[in-house]
J.: 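Structure in structure tokens, see below.
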Amino acid sequence: MLTNKPRGTNDFLPGEVEKWQYLEGLIRELFANYHYKEIRTPIFEHTELFLRSVGETSDIVSKEMYSFEDKGMRHVTLRPEGTAGVVRAFVENKLFAQSLPQKLYYIGPMFRYDQPQAGRYRQFHQLGCEVLGSADPTVDAEVITFAVDLFSKLGLQSLSVLINTVGCDNCRPRYQEALKAYFSQYKSELCPTCLERLEKNPLRLLDCKEEACKRIASHAPTTLEYACDDCRAHFDKVCSYLESVGVDYQVDTSLVRGLDYYTQTAFEVVMNKVGSQQNAICGGGRYNKLVSQVGGEDIPGMGFAAGMERVLLTIEEEGIQLPIPEGIDVYVAPLGDAAKKVCFELTHTLRQKGYTCETDYLSKSIKAQMKTADKNHARYSIIIGDDELAQNVAVVRNMAESSQETVPMDQVLDYIK
Ligand code: AMP
């Protein structure tokens with residue numbers, strides 16, 4: 001027990017963490033390029049926030065939240081997604097009073113009591129963004145384009161963008177009625193969850209993973225057939241902006257997304273290669289009612305989130321080598337006690353000059369130290385023993401060429417340069 005991590009969590013060890021750092025670096029660079037600013041919100045929030053925003057009938061809220069009472073009897077929840085917290089912070093910190101739209105991004109851990117499997121964890125990480133304060137379809141298209149841009153910069157090939165509209169307060173009630181009428185004909189065949197959805201949240205009937213329900217859903221009326229003029233025009237514009245920058249997409253009328261807060265645009269980026277159910281690496285959409293739902297003014301928003309684990313998994317599956325720099329500049333090898341202090345000093349000086357530098361801490365033999373230097377892909381080794389100390393020199397070894405030279409101590413830095 002003591003040496004087992006909780007189910008659904010991961011340790012990211014050296015060797016793998018570098019991939020995370022590379023990915024995070026690229027994400028930050030690209031968000032800067034699109035002029036998004038980072039926001040960091042708490043890992044836990046009042047439970048009420050998620051009930052109000054994500055929605056009580058969503059899988060996340062009804063089954064997957066890590067909720068608890070703290071010592072002050074407050075109901076808090078480890079955030080299952082990032083949007084609610086960002087919107088809360090936007091309202092609480094009156095970011096709406098600054099220039100709009102606010103273009104915000106985040107990277108960080110999320111928590112869901114999910115069934116762990118490849119690509120699905122209980123602690124996972126998302127990158128995401130929220131654009132608050134514009135209902136313009138260029139925003140929808142920009143957010144989708146960002147996601148596509150990020151994945152193509154990573155070298156991912158087999159991705160598809162699926163897009164749909166889930167309508168608005170105007171047209172959705174009519175659509176929900178149509179869905180109810182349609183699915184009611186198949187009550188005896190629907191799964192228990194869908195029977196509940198039929199009453200509480202008919203839109204989610206389109207989202208069921210059960211084969212029987214999926215088959216029925218595939219012939220259901222579509223949102224596009226019921227979209228009002230505004231929603232239809234918005235959708236068409238988003239599509240035309242995507243086309244203008246060469247983003248390929250497929251209209252998928254069954255795409256409704258698992259969270260209740262979406263209005264109009266809903267989209268996902270799916271990788272065609274990953275196992276069938278976990279193939280969405282990114283999802284998002286427009287949420288024009290969310291800010292007011294959590295107590296702010298009537299301010300529209302649009303955003304997406306992508307799972308970092310799934311992105312990295314896909315990178316691996318596609319056999320993509322990330323350009324992660326390997327190796328150190330210098331390995332400093334002391335031989336014998338007397339050389340230790342000089343080597344300690346030299347290592348420090350090299351590091352101060354900006355060289356990545358490693359040394360020996362275990363009084364190893366020269367052979368063992370050269371092995372370590374090789375393992376660390378050192379470009380140079382500097383070897384100092386009693387003889388070198390006596391002559392005030394160091395042996396500098398070019399590891400790639402397996403050649404070495406004796407260099408006066410005061411010229412070692414110049415030599416390395
Ligand atoms: P969602 O917030 O459910 O729309 O999810 C957005 C993205 O987060 C998904 O496309 C996945 O890439 C990722 N994701 C969601 N849930 C999990 C999970 N339990 N484990 C790993 N990644 C997840």
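Computed from heavy atoms alone, side chains included, the values below leave out hydrogens, waters and symmetry copies. In listed order, ligands and their atoms are each counted from 1.
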J.: How long is the span from the CZ atom in R197 to the CZ atom in F183, to the nearest 0.5 Å?
T.: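 With rounding to 0.5 Å, CZ (R197) is 10.0 Å from CZ (F183).
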J.: Ring centroids only, cut at 6.0 angstrom: are Y105 and Y36 within range, meaning strictly under it?
T.: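 So the answer is no for these two rings.
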J.: Check each atom of ligand 1 against the heavy atoms of A305 and keep those under 4.0 Å away; list them by number with element.
T.: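 The atoms of ligand 1 under 4.0 Å from a heavy atom of A305 are 6 (C), 7 (C).
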J.: Using heavy atoms and a 4.0 Å limit, tell me yes or no: is E309 in contact with ligand 1?
T.: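 Not so, E309 does not reach ligand 1.
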J.: At less than 4.0 angstrom from any non-hydrogen atom of A280, what atoms of ligand 1 do you find?
T.: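 Near A280, the atoms of ligand 1 are 9 (C), 10 (O), 11 (C), 12 (O).
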J.: Side chain or backbone, does G307 bring an N or O within less than 3.5 Å of an N or O on ligand 1?
T.: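 Indeed, backbone or side chain, G307 has an N or O that close.
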J.: For ligand 1, which is the ligand I care about here, please tell me if D114 has any N or O atom under 3.5 Å from one of the ligand's N or O atoms.
T.: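 Among all N and O atoms of D114, at least one is under 3.5 Å from an N or O of ligand 1.
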J.: Is there a polar contact, in the sense of an N or O pair closer than 3.5 Å, between I281 and ligand 1?
T.: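 It does: an N or O of I281 is found under 3.5 Å from an N or O of ligand 1.
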J.: Who gets closest to atom 16 (N) of ligand 1 by heavy atom: R122, E64, M110, R112?
T.: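 Nearest heavy atom to atom 16 (N) of ligand 1 lies in R112.
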J.: For ligand 1, find out whether one of its N or O atoms is nearer than 3.5 Å to an N or O atom of R120.
T.: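 Looking only at distances, the answer is no, because the N/O contact criterion of under 3.5 Å is not met.
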J.: Counting heavy atoms only, which of Q126, M308, E81, R310 comes nearest to atom 5 (O) of ligand 1?
T.: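 Closest candidate by heavy-atom distance is Q126.
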J.: How long is the straight-line distance from CD of E297 back to NZ of K94, given to the nearest 0.5 Å?
T.: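 The distance works out to 10.5 Å.
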J.: Any N or O on G283 sitting closer than 3.5 Å to an N or O of ligand 1?
T.: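 Not met; the criterion fails.
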J.: Hey, what do you get for CE (M302) to CG (N288), rounding to the nearest 0.5 Å?
T.: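 Interatomic distance, M302 CE to N288 CG, rounded to 0.5 Å: 10.0 Å.
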J.: First locate atom CZ of F44, then atom OG1 of T77, and finally report the distance between them rounded to the nearest 0.5 Å.
T.: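 F44 atom CZ to T77 atom OG1 measures 10.5 Å (nearest 0.5 Å).
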J.: Do any nitrogen or oxygen atoms of C282 lie less than 3.5 angstrom from nitrogen or oxygen atoms of ligand 1?
T.: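 By distance alone, the answer is yes.
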J.: Does the side chain of Y226 reach to within under 4.5 Å of the side chain of C171, using non-hydrogen atoms?
T.: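 With C-beta onward as the side chain, the pair stays apart.
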J.: On a heavy-atom basis, I'd like to know which of F304, Y262, F124 is closest to atom 22 (N) of ligand 1.
T.: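 Nearest option to atom 22 (N) of ligand 1, by heavy atoms: F124.
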